[in-house]
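Values in this document were obtained by computation on a predicted structure and should not be read as measured data.
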Amino acid sequence: MIVSIDVDAQKTFSPLCPNELLVVEGDTIVAELNAQAALADLRVMTKDAHSPAAKWLVADAADMLKPTGLPEADVTWVSHAIVGSRGYELLDGLPSAKEYDYCVWKGVDPEFHPYGACFHDIGEKLSTGLLEWLRSKGAEIIIVGGLATDYCVKTTVLQLLKGGGWKVVVNAAACRGIAPETVETAWNEMIDAGAVVLENADTISDYIKNQ
């Protein structure tokens, strides 16, 4: 069983919403996400789903990435992916939520700002149900792409690697990151943890055929 996961492929992380949490070329990954999904039996969507009352919010981007002192929101961020906003929406060209086989909404509680799709909390105690669902479906290969490489993609991949006996493949062409330094570190962390990082959906297809 092959499962494809679209991690936070939302307008908030793209030039379409430049006043939110802009990721350069974040709006260019749709074709690759759809291509990797075409290789899979099931498709998963994850979305940031934040409250305007979130306690980690700051008004100025210069104040981002500072410690919050909160147990479940480590650092500050500017407003992004507020439920009901344009930034909350999936990128154009992706399926609607109901067309996915499983969906995860992250960070709904104003006290929480998780990164990974498998747990609602940073301490990884409160499951979103994704790991359990993957096990119930007999997942063998999980293909991951999305936004942003250095935060939610990385954390989701690391959680998946700890959570089951499946192989985790990351589609580099379907990922974009926030900062070059943290992106490089993220790729190294994922590879060191056992992820298979491949160039694009075509190389993933070849990988699958050889399994």
Closest contact, heavy atoms only, [X] versus [Y]:
| X | Y | result |
| --- | --- | --- |
| L147 | C152 | O-CB, 3.8 Å |
| I82 | S85 | O-OG, 2.6 Å |
| V170 | C175 | CG1-SG, 4.0 Å |
| V44 | W133 | CG2-CZ3, 3.5 Å |
| L90 | P95 | CD1-O, 3.5 Å |
| V78 | L57 | C-CD2, 3.8 Å |

For the residue pair [X] and [Y], establish whether any side-chain heavy-atom pair is separated by less than 4.5 Å.
| X | Y | result |
| --- | --- | --- |
| I29 | D6 | no |
| P15 | D27 | yes |
| V168 | V144 | yes |
| I141 | V169 | yes |
| M1 | L134 | no |

Hydrophobic cluster membership, with links at side-chain heavy-atom distances under 4.5 Å among I/L/V/M/F/W/Y: are [X] and [Y] in one?
| X | Y | value |
| --- | --- | --- |
| F112 | L131 | no |
| W105 | V83 | yes |
| I178 | V58 | yes |

task = Any pair with a residue in residues 7-33 that passes ring-ring contact (aromatic ring centres under 6.0 Å, His included), sequence neighbours left out, goes on the list, sorted by first then second residue, please.
result =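 Qualifying pairs: F13-H80.
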request  = Could you list all the ring-ring contact (aromatic ring centres under 6.0 Å, His included) pairs where at least one residue sits in residues 180-211, not counting sequence neighbours?
outcome  = none
Report yes or no: do [X] and [Y] form a side-chain donor-acceptor pair below 3.5 Å?
| X | Y | answer |
| --- | --- | --- |
| Q159 | E124 | yes |
| Q10 | D48 | no |
| D74 | Y115 | yes |

query = With sequence neighbours left out, which residue pairs that include part of residues 14-24 fulfil the side chain to side chain donor-acceptor pair (under 3.5 Å) condition?
reply =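 Found T12-E20.
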Residue pairs, two or more places apart or on separate chains, that pass side chain to side chain donor-acceptor pair (under 3.5 Å) and touch residues 140-151 =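 Passing the test, one end in residues 140-151: D150-T182.
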inquiry  = Could you walk me through whether I5 and I142 satisfy the side chain to side chain contact (heavy atoms under 4.5 Å, CB included) test, starting with their C-alpha distance in whole Å, then the side-chain angles of each, then the deciding distance to 0.1 Å, before giving a yes or no?
reply    = CA-CA 7 Å; I5 302 181; I142 302 172; 3.6 Å; yes
note = Members sharing V24's hydrophobic cluster, built from side-chain contacts under 4.5 Å between Ile, Leu, Val, Met, Phe, Trp and Tyr, are L22
Taking the side chain from [X] and the backbone from [Y], do they hold a donor-acceptor pair closer than 3.5 Å?
| X | Y | value |
| --- | --- | --- |
| R86 | A81 | no |
| S51 | D109 | no |
| E99 | S96 | yes |
| T76 | L65 | yes |
| D63 | A59 | no |

ask   = Who pairs with F119 by ring pair (Phe, Tyr, Trp, His ring centres under 6.0 Å), at least two apart in sequence or on another chain?
value = none
ask   = Could you walk me through whether D8 and K106 pass the salt bridge (charged side-chain N to carboxylate O under 4.0 Å, His left out) check?
value = CA-CA 9 Å; D8 301 359; K106 307 187 287 118; 2.8 Å; yes
request  = I would like to know whether K11 and D92 meet side chain to side chain contact (heavy atoms under 4.5 Å, CB included); could you show each step before the answer?
outcome  = CA-CA 8 Å; K11 294 175 182 176; D92 294 335; 3.1 Å; yes
Residues two or more places apart in sequence or in another chain: which of them pass side-chain contact (heavy atoms from CB on, under 4.5 Å) with [X]?
| X | answer |
| --- | --- |
| K125 | D121 |
| E189 | K154, L158, T185 |
| A37 | S4, R43 |

inquiry  = Applying salt bridge (charged side-chain N to carboxylate O under 4.0 Å, His left out), can you list everything that pairs with E132, at least two apart in sequence or on another chain?
reply    = none
Partners passing salt bridge (charged side-chain N to carboxylate O under 4.0 Å, His left out) against K47 (at least two apart in sequence or in another chain) = none
task = Could you tell me if the ring centre of W77 sits under 6.0 Å from that of H50?
result =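 No, ring centres 6.0 Å or more apart.
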request  = Check step by step if side chain to side chain contact (heavy atoms under 4.5 Å, CB included) holds for E72 and E111.
outcome  = CA-CA 6 Å; E72 294 302 337; E111 303 274 351; 5.6 Å; no
query = Is the closest basic N to carboxylate O distance between D41 and K137 below 4.0 Å?
reply =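 Salt bridge flag = no for K137 with D41.
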ask   = Please walk me through it: do K167 and Q211 pass side chain to side chain contact (heavy atoms under 4.5 Å, CB included)?
value = CA-CA 10 Å; K167 295 177 181 177; Q211 295 306 297; 2.4 Å; yes
Could you tabulate the donor-acceptor pairs under 3.5 Å formed by side-chain atoms of residues 192-201, not counting sequence neighbours?
from : atom 1 : to   : atom 2 : distance (Å)
N200 : OD1    : D202 : N      : 3.1
N200 : OD1    : T203 : N      : 3.0
N200 : OD1    : T203 : OG1    : 3.4

